[in-house]
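One-based numbering, in listed order, for ligands and for the atoms of each.
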Amino acid sequence: MAAKHFYLQTFGCQMNVYDSQRIVQLLTARNYQQIADPAHADLILVNTCSVREKPEKKVYSALGRFRSLKEKNPALMIGVTGCMAQQEGERLLERVPFLDFVLGTKEFCRIPEILDAMEVSRFRESATDLRVGVDPYAGLPLFSSPGKAAAFVSIMQGCDNFCSYCIVPYVRGREVSRPSRDILDEIRSLSDQGVREVTLLGQNVNSYGNRSSEEIGFVELLEAVQKIPGIARIRFTTSHPKDLSWRLIQAFGQLSKLCEHIHLPLQSGSDRILKRMNRAYTCSEYREKISELRRVSPEISITTDIIVGFPGEDEADFQATLEMVKKIEFDEFFSFRYSDRPHTQASLFPDKVPEETKRGRLNELQTLQKDITLRKNKTWEGREVEVLVEGQSKARVEEKTGRTRTNRTVNFPGASLRVGELVKLRIEEALPHSLRGDLEEMGK
Ligand code: SAM
Ligand code: SF4
């Protein structure tokens with residue numbers, strides 16, 4: 001039977017990228033082929049994000065573009081998965097009349113079943129059961145990532161922290177850890193396929209296994225991954241500062257495969273705002289952990305997330321955030337304007353910051369960090385680094401691209417290098433968002 005074609009667009013975080021790869025795998029097993037042009041697709045899927053207002057708007061405009069395709073080809077099926085699907089459910093079917101199905105964050109594995117049923121008779125479906133305690137990946141075939149040097153591996157779902165601005169606990173459900181046996185089997189199988197680097201994913205990886213007396217903890221999980229032959233590098237994201245244990249900090253000095261990078265979302269440099277955000281740590285506790293990380297692993301690269309314009313954030317709070325960013329000198333950050341999210345506590349706070357103020361603050365913060373990032377990148381000039389070859393450079397096709405252990409992107413000439421090779425490069429030039437390296441200079 002001739003293969004059918006599907007087009008998949010993914011919005012949002014690494015967790016969504018991982019889920020999308022799972023979807024590709026499920027569809028490929030059903031004789032569907034992924035294509036890059038939606039105009040030739042039998043099925044269009046949009047895997048969505050609702051963590052802020054902006055990605056949500058992007059989803060509606062993406063869907064708008066597919067309307068004319070459906071008008072030309074009524075047999076075309078269009079489905080929405082992910083966080084926005086979870087949040088909106090039926091409402092999304094009402095709002096987008098040409099949509100065929102909406103599958104929530106724990107229902108995406110039902111895509112093949114829905115496609116089979118729709119071949120018999122067309123109907124519209126919304127499934128958004130959050131199934132407390134259920135691991136959505138249980139029973140799925142082992143995850144595959146052919147031809148890739150680096151892969152994400154989801155180790156847990158959901159979150160119990162209820163930061164007052166965050167929609168994640170409502171759209172990904174309560175925290176549930178995947179069994180370590182499944183995770184380790186998945187990583188062994190990825191290693192057999194040639195994957196050299198794994199990034200363990202969860203909203204708060206530090207609490208991995210805490211909800212079950214039979215499960216190992218996060219550091220034990222890292223130790224077990226360290227023992228898997230073929231895997232050369234381990235990363236994880238995200239770690240909540242309140243739960244970043246001293247034991248995990250020590251692991252950076254003990255596990256040779258654990259890369260020197262941690263993403264540790266600060267969110268604000270004001271204790272008053274952190275309290276209103278329900279983050280459960282203070283700035284001085286955060287800085288203490290940073291000092292310890294740098295003591296254990298002096299080269300460690302530290303990145304963060306910051307929200308500006310949280311309700312009630314005044315000029316003094318914002319100045320405190322700028323001060324904190326200056327003092328800590330993050331290697332890079334993601335920064336966001338606060339936006340109200342449904343269900344969250346903060347959406348009910350009365351003292352909202354005007355959009356214009358938020359825009360100005362974001363600009364000031366990003367200008368400050370731009371200089372810090374470049375200055376930090378410059379410290380790598382002239383040094384030798386280990387880089388994992390990940391593919392062709394986007395900017396120059398004749399070049400290769402990869403990352404250092406500290407998670408910096410490096411572009412370099414290396415036509416004969418294979419994806420998955422670990423190479424030593426000399427850093428020739430630091431740019432605002434990447435480094436340029438050279439193999440030729442080695443050994444001189
Ligand atoms: N679990 C991670 C953590 O604990 O920080 C990340 C969660 S979220 C997917 C990624 C980032 O989005 C957050 O760290 C936060 O900076 C940002 N974010 C979440 N909700 C937001 C909101 N309502 N407005 C603006 N930014 C938000
Ligand atoms: Fe959201 Fe906070 Fe959970 Fe991160 S820890 S996912 S910011 S509720």
| field | Heavy-atom check, side chain of Pro179 versus side chain of Asp135, under 4.5 Å | value |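 Yes, close enough: below the 4.5 Å cut-off.
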
| Contacts of atom 1 (Fe) of ligand 2 with protein N/O/S atoms, counting only those under 2.8 Å |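 For atom 1 (Fe) of ligand 2, the protein N, O and S atoms that sit under 2.8 Å away are Cys166 SG.
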
| note | Applying side-chain contact (heavy atoms from CB on, under 4.5 Å) to Ala430 and not counting sequence neighbours gives Asn377, Lys378, Glu381, Leu435

| message | Holding to side-chain contact (heavy atoms from CB on, under 4.5 Å), I want the full list of residues that pass it with Glu288, two or more places apart in sequence or in another chain. | response |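 If we apply the side-chain contact (heavy atoms from CB on, under 4.5 Å) test to Glu288, skipping adjacent residues, the hits are Trp246.
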
| query | With respect to Tyr137, which candidate in Gln157, Arg22, Glu186, Lys106 satisfies the side chain to side chain donor-acceptor pair (under 3.5 Å) definition? | reply |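 So, applying the side chain to side chain donor-acceptor pair (under 3.5 Å) to Tyr137 and each of Gln157, Arg22, Glu186, Lys106, only Gln157 qualifies.
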
| message | Over 60° means perpendicular and under 30° means parallel, so tell me whether Tyr170 and Phe162 are parallel, tilted or perpendicular. | response |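 Because their plane-to-plane angle is over 60°, the rings of Tyr170 and Phe162 count as perpendicular.
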
| task | With heavy atoms of His240 as the reference, note each atom of ligand 2 found under 4.0 Å away. | result | 5 (S)

| task | Can you sort out which atoms of ligand 2 are near Arg279, meaning under 4.0 Å from one of its heavy atoms? | result | 2 (Fe), 7 (S)

| query | Just how far is it from atom CZ of Arg178 to atom CG of Leu184, taken to the nearest 0.5 Å? | reply |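 Result: 10.0 Å between the selected atoms.
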
| Arg403 and its salt bridge (charged side-chain N to carboxylate O under 4.0 Å, His left out) partner, picked from Glu260, Glu386, Glu197 | Glu197

| Six-ring centre of Tyr60, Arg95 cation under 6.0 angstrom, axis tolerance 45° | yes

Could you list each N/O atom of ligand 1 together with any protein N/O atom closer than 3.5 Å, one pair per line with the distance?
from: ligand 1; atom 1: 1 (N); to: Gln203; atom 2: O; distance (Å): 2.9
from: ligand 1; atom 1: 1 (N); to: Gln203; atom 2: OE1; distance (Å): 2.9
from: ligand 1; atom 1: 5 (O); to: Gln267; atom 2: NE2; distance (Å): 3.3
from: ligand 1; atom 1: 12 (O); to: Arg52; atom 2: NH1; distance (Å): 2.8
from: ligand 1; atom 1: 14 (O); to: Gln267; atom 2: NE2; distance (Å): 2.8
from: ligand 1; atom 1: 14 (O); to: Asp305; atom 2: OD2; distance (Å): 2.6
from: ligand 1; atom 1: 16 (O); to: Gln267; atom 2: OE1; distance (Å): 2.7
from: ligand 1; atom 1: 23 (N); to: Tyr165; atom 2: O; distance (Å): 3.0
from: ligand 1; atom 1: 23 (N); to: Ser339; atom 2: O; distance (Å): 2.8
from: ligand 1; atom 1: 24 (N); to: Ser339; atom 2: N; distance (Å): 3.0

| said: If the test is side chain to side chain contact (heavy atoms under 4.5 Å, CB included), which one of Tyr338, Phe336, Phe310 qualifies with Lys358? | reply: Tyr338

| query | Can a donor-acceptor pair be found between the side chains of Gln21 and Gln25 at a distance below 3.5 Å? | reply | no

